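Here is the structure we will look at.
Both counts, for ligands and for their atoms, begin at 1 and track the order of listing. Just so we're clear, the structure is a prediction, and the values are computed from it rather than from any experiment.
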Amino acid sequence: NYYPWGYDSDNGPDQWHKNYPIAKGRHQSPIEINNKEVHYDRSLLPWFASYDPGAAKTILNNGKTCRVMFDDSFDRSVLRGGPLPGVYRLRQLHFHWGSSDDHGSEHVVNGVRYAGELHLLHWNPNYSNYLDAVRRTDGIAVLAIFLQVRKTPKPEMKRILEEINAIKTKGKEAPFPNFDPSILFPKCHDYWTYHGSFTTPPCEECITWIVLREPIMVSSDQMAKLRSLSKNAENEPELPLVDNWRPTQPRHYRMVSASFL
Ligand SMILES: CCCCNCc1ccc(S(N)(=O)=O)cc1
Ligand SMILES: [Zn+2]
């Protein structure tokens, strides 16, 4: 009998491999990024995002995260440069967060956990579609940005957090027009990059990760807003949608390159 994966003890990250064997692969994400093991690669180029605000479509609570979907029917919003061989199309963005401000990110930097992590997912249009791209080692690129709690809220997060009330429960979706996610980027574009996987089932190892060194500052109230989402459907008992992060996975001699000294 089918039992959906999740983040609880009976269906959480330690159980995923039973239905998704790739979860025990050698190129899994997230990982711990330690300065001592990072390789400075001076050949790494800067990355560039050219996003069309008109590509933003809807915002959804899928019971696992809060996700904004974009029109990826052509090269309308793209990421290029950095470690990427060409342009990759923006398909969606989503978040991972904790049950309190002291944890919630998926990647961990020198032992530091952040309150959350924003993922912008892009796919390689050399492949016929997204599902084809997820079967390729160079199919997907995810730009990851840490959320750090400080007194000052990030005004650019307001637009997303205002929509939370419309998507409180699993399956709820609302229109989300005219949004350019690059307003969420930090000033500094320094990054680490390595080859890894989806951090949720099916855990395919198809992702070029681009993890920004500089976190964006959000307020504790803004994190509380994310935590006000529920993972249950409307007519079910309320279950808070929190701690939707996967613990770090073995690095297995993978090279983590840094674009900065
Ligand atoms: C075949 C279906 C592929 C899974 N598509 C959802 C998805 C997107 C992004 C991430 S993450 N957290 O690695 O960025 C996980 C799962
Ligand atoms: Zn993610």
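Taking the centre and axis of the six-membered ring of F176, the NZ or CZ atom of R159 falls inside the cone set by 45° and 6.0 Å.
Counting the atoms of ligand 1 from 1 in the order shown, those under 4.0 Å from a heavy atom of Q92 are 8 (C). Close contacts between ligand 1 and H96 involve ligand atoms 12 (N) [criterion: under 4.0 Å to a heavy atom].
Shown are E117, K64, H119; of these, the side-chain hydrogen bond (donor to acceptor under 3.5 Å, both in side chains) with H96 is made only by H119. Between Y88 and the choices I140, D72, N124, L143, the side chain to side chain contact (heavy atoms under 4.5 Å, CB included) rule is met once, by N124.
If you look at H119 and ask which of its N, O or S atoms sits nearest the Zn ion (ligand 2), the answer is ND1.
Summarising the contacts of atom 16 (C) of ligand 1 with T200, I207, V142, L121, the nearest heavy atom is found in T200. The option from F198, W123, F95 that lies nearest to atom 7 (C) of ligand 1, judged by heavy atoms, is F198.
No side-chain heavy atom of E205 sits under 4.5 Å from any side-chain heavy atom of T137.
Here the protein heavy atom with the shortest distance to atom 1 (C) of ligand 1 is L131 CD2, 3.8 Å. Nearest protein heavy-atom contact of atom 13 (O) of ligand 1 is T199 N, 2.9 Å. Nearest protein heavy-atom contact of atom 14 (O) of ligand 1 is H94 CE1, 3.2 Å.
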I207 and H27: CA distance, side-chain angles, deciding distance, side chain to side chain contact (heavy atoms under 4.5 Å, CB included) verdict: CA-CA 9 Å; I207 302 189; H27 297 88; over 6 Å; no
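Residues Y7 and W16 bring their aromatic ring centres within 6.0 Å.
Ion pair E236/K170 not flagged as a salt bridge, since none of the NZ, NE, NH1 or NH2 atoms sits closer than 4.0 Å to an Asp/Glu carboxylate oxygen.
Residue-to-ligand polar distances keep E204 apart from ligand 1: every N/O pair is separated by 3.5 Å or more.
With a heavy-atom cut-off of 4.0 Å, Y130 touches ligand 1 through its side chain alone.
Other residues, nucleotides and ligands place more than 12 heavy atoms under 6.0 Å from the CZ atom of F74.
Judged by the shortest distance from any of its heavy atoms, R246 lies outside the 4.0 Å radius around the atoms of ligand 1.
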